[in-house]
Amino acid sequence: MGTRRVFVAYTGGTVGMQRTERGYAPAPGQLAALLRELPQFQAPEMPALTLHEFDPLLDSANMTPGDWERIGRVLLEHEADHDGFLILHGTDTMAYTASALSFALEGLQKPVILTGSQIPLCETRSDALENLVTSLLLIERYGHRLAEVCICFGGRLLRGNRATKIDSEGFDAIDSPNHPWLGTIGIDFELEWPLLRAPMEDAPPLRVRPLGEVSIGACRLYPGMRAEALAAFLGGVQGCVLECYGAGNAPHRNEAFMETLRAACTAGTVVVAVPQPLRGSADLALYATGRALVDAGVVSGFDMTPEAALTKLTYLFACTDDPTEVRRLVQEDLRGELTRPALTS
Ligand code: ASP
């Protein structure tokens with residue numbers, strides 16, 4: 001056995017599923033059996049594993065903020081006697097869970113790696129073995145130098161809160177198009193140490209911020225969107241991620257639309273603009289359409305992914321009820337999730 005002890009949290013997803021008459025579905029106990037049987041997991045360079053299977057196992061399409069909180073609490077319970085964490089998760093909402101945990105795990109000083117697969121581990125041809133073995137070896141070899149939530153998938157190590165699912169079929173399902181990879185894993189593990197967040201000395205103990213009670217929404221703008229549709233998105237939520245066109249633009253000539261936005265912001269809803277394009281940043285000062293958003297009370301999410309913006313709003317409203325404070329903090333870089341453009345004179 002290697003020298004480290006890794007806590008493996010199996011939450012569900014294709015990786016441990018089996019074929020049923022109704023398509024792939026989670027199969028309790030199957031992953032544990034495979035981890036016991038497959039020789040790769042018994043190899044001398046592998047870390048010692050503790051497997052925790054969630055009940056119920058979820059297709060990640062069913063994950064909620066309450067589940068993010070539950071995962072965080074399980075990690076906290078086992079933090080003291082493990083050197084790192086591997087979370088096995090469906091790819092569909094993996095980027096949301098990774099982002100949420102990056103915020104909710106306050107004072108994290110150990111590696112948390114999420115992985116999964118496009119084909120279950122039980123199948124003859126599967127990407128699961130590669131993703132699992134690579135993630136475990138990453139923690140075994142480098143875990144003492146890693147202190148953040150990452151996704152390891154398809155030979156890439158990605159910052160969790162910069163990641164997004166880009167492919168529903170290929171083995172490179174997850175990427176971080178708006179941020180460099182933290183590592184590339186081929187024959188060698190090539191890690192980008194200047195980018196990686198390292199453990200701090202004298203850090204306070206790990207805490208998990210409860211996220212389950214917060215209500216945040218997201219709305220992707222589309223041509224012809226009516227004020228009534230926007231109002232429906234903004235109703236009953238504390239904050240909303242507004243996926244804008246280009247560098248942060250919205251239909252500012254639609255007065256009813258802009259008035260709906262203004263009224264919601266005035267009433268305390270925090271609306272954060274992020275770009276629909278996979279690369280670039282929301283620059284609300286660039287176009288008149290962007291400035292109109294600022295006038296309505298919308299704040300910029302800069303280059304955050306929609307996943308990061310949604311989970312960050314969830315986290316911030318779990319910390320405070322004060323919309324002014326949430327508006328301030330959502331524009332700050334808390335966990336490497338955003339890059340603020342340099343100020344120009
Ligand atoms: N629907 C599955 C899930 O997200 C897909 C996967 O695991 O990749 O749980």
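All figures in this text were calculated on a predicted structure; none of them were measured in a lab. We number each residue from 1, following the sequence as shown. Atoms within a ligand are numbered from 1 in the order they appear, just like the ligands themselves.
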Decide, yes or no, whether a salt bridge links D81 with R5 under the criterion of side-chain N to carboxylate O below 4.0 Å. no
Quick one: which ligand 1 atoms are inside 4.0 Å of a heavy atom on G13? 7 (O), 9 (O)
With the threshold set at 4.0 Å, does a side-chain nitrogen-carboxylate oxygen contact exist between E337 and R335? no
Evaluate D92 for polar contact with ligand 1, using N/O atom pairs at a separation under 3.5 Å. yes
In terms of its nearest heavy atom to atom 8 (O) of ligand 1, the top option of T93, L58, T91, N62 is T91
Validation row: Q40, L129 side chains within 4.5 angstrom (heavy atoms): yes
Provide, to 0.1 Å, the distance between atom 6 (C) of ligand 1 and the closest protein heavy atom, together with that atom's residue and name. T14 OG1, 2.8 Å
Is any N or O atom of K165, backbone or side chain, closer than 3.5 Å to an N or O atom of ligand 1? no
Could you walk me through whether E140 and T3 pass the side chain to side chain donor-acceptor pair (under 3.5 Å) check? CA-CA 7 Å; E140 170 64 27; T3 56; 3.1 Å; yes
Assess the side chains of T289 and N249: does a donor N or O sit below 3.5 Å from an acceptor N or O? yes
Assess, by modelled atom type and distance only, whether the side chains of T134 and E130 contain a donor and an acceptor separated by less than 3.5 Å. yes
Show the atoms of ligand 1 that are less than 4.0 angstrom away from any heavy atom in S117. 8 (O)
Considering only non-hydrogen protein atoms, determine which one is nearest to atom 9 (O) of ligand 1 and report residue, atom name and distance to 0.1 Å. S60 N, 2.7 Å
